[in-house]
K.L.:
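Supplied in structure tokens, the structure appears directly below.
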Amino acid sequence: MGRHTDPVEQMLRYHLRDRGIIDERVLRAMAQVPREEFVPSSLRAEAYADHPLPLAQGQTISQPFIVALTLQAAALEPSDTVLDVGTGSGYAAAVASLLAETVVTIERFDSLAQSAEETLQRLGYSNVLSVVGDGSRGCPEHAPYDAIVSAAAAENVPDAWRTQLAPRGRIVAPVGGTWGQRLRVLRADGSKEKDLGGVRFVPLISDESVGPPHDA
Ligand code: SAH
């Protein structure tokens with residue numbers, strides 16, 4: 001296949017670079033992780049397309065650009081510990097694992113967490129720790145985090161996330177209601193918040209609001 005028809009090259013060029021993803025470490029990580037391994041097998045042909053794809057339990061694997069935008073804003077260093085809220089397929093955790101020392105990824109659906117863990121292990125992402133639980137409480141066992149990134153949207157950033165942040169930590173998360181949110185960057189030092197634009201993620205659902213999940 002020619003360079004410009006290769007789906008990975010197309011993603012890098014048109015969906016990422018052309019839209020402002022300039023962090024070379026992020027671009028390299030996006031090029032390296034085989035996204036097709038994280039999408040349902042019937043959708044492999046669309047793995048690198050410029051939109052989200054459905055997962056089990058009515059959830060979605062985020063569009064590549066949004067994963068890259070989130071991780072670029074998180075400004076991960078090789079020695080960082082990251083909390084990834086909303087494991088889903090495990091794709092974002094895999095990309096983050098190439099940028100940080102340790103990724104703790106938390107998912108409320110046991111079935112999604114198990115399948116993500118299986119994929120991550122099979123592909124050798126050994127610095128990802130998969131946890132089943134309510135990520136709206138963060139994951140205090142492994143705190144503090146240099147960065148907390150979320151693929152599930154909350155009306156307000158949970159206090160637990162701020163509490164579990166390291167002194168120079170960053171939170172990158174969609175904030176807002178079900179139908180539209182802003183992707184926000186918050187810093188532990190309280191410096192000015194950044195708004196990365198309008199996004200649409202699935203909601204962050206706390207056990208408190210609905211009780212523990214039932215895998216369908
Ligand atoms: N990062 C994922 C995207 C998954 S979509 C990927 O790369 O595939 C967001 C995920 O957040 C869903 O799987 C959903 O079940 C999960 N989620 C929603 N509320 C949650 C909560 N309170 N704690 C943990 N996970 C949650």
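Hydrogens, waters and symmetry mates are skipped; everything else that's a heavy atom, side chains included, is used. None of the values given here were measured: they were computed from a predicted structure. Read the numbers this way: they start at 1 and go in the same order the structure lists the ligands and their atoms.
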K.L.:
Which ligand 1 atoms are under 4.0 Å away from a heavy-atom of Ser89?
P.N.:
6 (C), 7 (O), 8 (O)
K.L.:
Could you identify the single nearest non-hydrogen protein atom to atom 14 (C) of ligand 1 and state the distance to 0.1 Å?
P.N.:
Gln59 OE1, 3.3 Å
K.L.:
May I ask you to check whether Leu55 has an N/O atom sitting below 3.5 Å from an N/O atom of ligand 1?
P.N.:
no
K.L.:
With heavy atoms of Thr60 as the reference, note each atom of ligand 1 found under 4.0 Å away.
P.N.:
3 (C), 4 (C), 5 (S)
K.L.:
Within the structure, is a non-hydrogen atom of Thr87 found at a distance of less than 4.0 Å from ligand 1?
P.N.:
yes
K.L.:
Ala116 near ligand 1, heavy-atom distance under 4.0 Å?
P.N.:
no
K.L.:
Of all the atoms in ligand 1, which lie at a distance below 4.0 Å from a heavy atom belonging to Gly135?
P.N.:
21 (C), 22 (N), 23 (N), 24 (C)
K.L.:
Only distances under 3.5 Å count here; give the side-chain donor-acceptor pairs of residues 94-102 to other protein atoms, sequence neighbours excluded, each with its distance to 0.1 Å.
P.N.:
residue	atom	partner	partner atom	Å
Ser97	OG	Ala94	O	2.7

K.L.:
Considering the heavy atoms of Ala151, write down every atom of ligand 1 situated less than 4.0 Å from one of them.
P.N.:
1 (N), 3 (C), 5 (S), 9 (C)
K.L.:
According to the salt bridge (Lys or Arg N to Asp or Glu O under 4.0 Å) rule, which pairs have a member within residues 162-171, sequence neighbours left out?
P.N.:
Asp80-Arg170
K.L.:
Could you list the atoms of ligand 1 found under 4.0 angstrom from a heavy atom of Gly133?
P.N.:
23 (N), 24 (C)
K.L.:
Any side-chain donor paired with an acceptor under 3.5 Å for Asp6 and Gln10?
P.N.:
no
K.L.:
Are Tyr48 and Glu36 linked by a side-chain donor-acceptor pair shorter than 3.5 Å?
P.N.:
yes
K.L.:
Determine whether the side chain, the backbone, both or neither of Pro203 has a heavy atom under 4.0 Å from any heavy atom of ligand 1.
P.N.:
backbone
K.L.:
Going by distance only, is there an N or O of Ala92 that falls short of 3.5 Å from an N or O of ligand 1?
P.N.:
yes
K.L.:
How about Ser136 and Ser206: does a side-chain donor come under 3.5 Å of a side-chain acceptor?
P.N.:
no
K.L.:
Do any nitrogen or oxygen atoms of Asp134 come within less than 3.5 Å of a nitrogen or oxygen of ligand 1?
P.N.:
yes
K.L.:
Which heavy atom of Arg17 sits nearest a heavy atom of Glu24, and at what distance?
P.N.:
NH1-OE2, 3.2 Å
K.L.:
Is the contact between Ile61 and ligand 1 made by the side chain, the backbone, both, or neither, using heavy atoms and a 4.0 Å cut-off?
P.N.:
both
K.L.:
As a test of understanding, state which of Leu129, Thr81, Ile106 forms a side chain to side chain contact (heavy atoms under 4.5 Å, CB included) with His142.
P.N.:
Leu129
K.L.:
Is the shortest distance from a Lys or Arg side-chain nitrogen in Arg182 or Glu193 to a carboxylate oxygen in the other one below 4.0 Å?
P.N.:
no
K.L.:
Out of Glu107, Arg108, Gln57, Arg35, indicate the one that has the non-hydrogen atom closest to atom 16 (C) of ligand 1.
P.N.:
Glu107
K.L.:
With heavy atoms of Leu112 as the reference, note each atom of ligand 1 found under 4.0 Å away.
P.N.:
13 (O)
K.L.:
Evaluate the criterion side-chain contact (heavy atoms from CB on, under 4.5 Å) for residue pair Glu107 and Ser130; output intermediate values, then yes/no.
P.N.:
CA-CA 8 Å; Glu107 169 60 53; Ser130 169; over 6 Å; no
K.L.:
So does Tyr91 get a backbone contact from the side chain of Ser89, meaning a donor-acceptor N/O pair under 3.5 Å?
P.N.:
yes
K.L.:
Name the orientation class of the two ring planes belonging to Phe38 and Tyr125 (parallel below 30°, tilted from 30 to 60°, perpendicular beyond 60°).
P.N.:
tilted
K.L.:
Quick test: of every protein heavy atom, which one is nearest to atom 22 (N) of ligand 1, and how far off is it to 0.1 Å?
P.N.:
Ile205 O, 2.7 Å
K.L.:
Under 4.0 Å from any heavy atom of Phe109, which atoms of ligand 1 are there?
P.N.:
15 (O)
K.L.:
With heavy-atom distances below 4.0 Å as the criterion, list the atoms of ligand 1 near Ile106.
P.N.:
24 (C), 25 (N)
K.L.:
Which option, Ser206, Ser111, Gly86, owns the non-hydrogen atom nearest atom 1 (N) of ligand 1?
P.N.:
Gly86
K.L.:
May I ask you to decide whether Glu9 forms a salt bridge with Arg13, counting only side-chain N to carboxylate O separations under 4.0 Å?
P.N.:
no
K.L.:
Using a 4.0 Å heavy-atom cut-off, which part of Tyr91 comes near ligand 1: side chain, backbone, both, or neither?
P.N.:
both
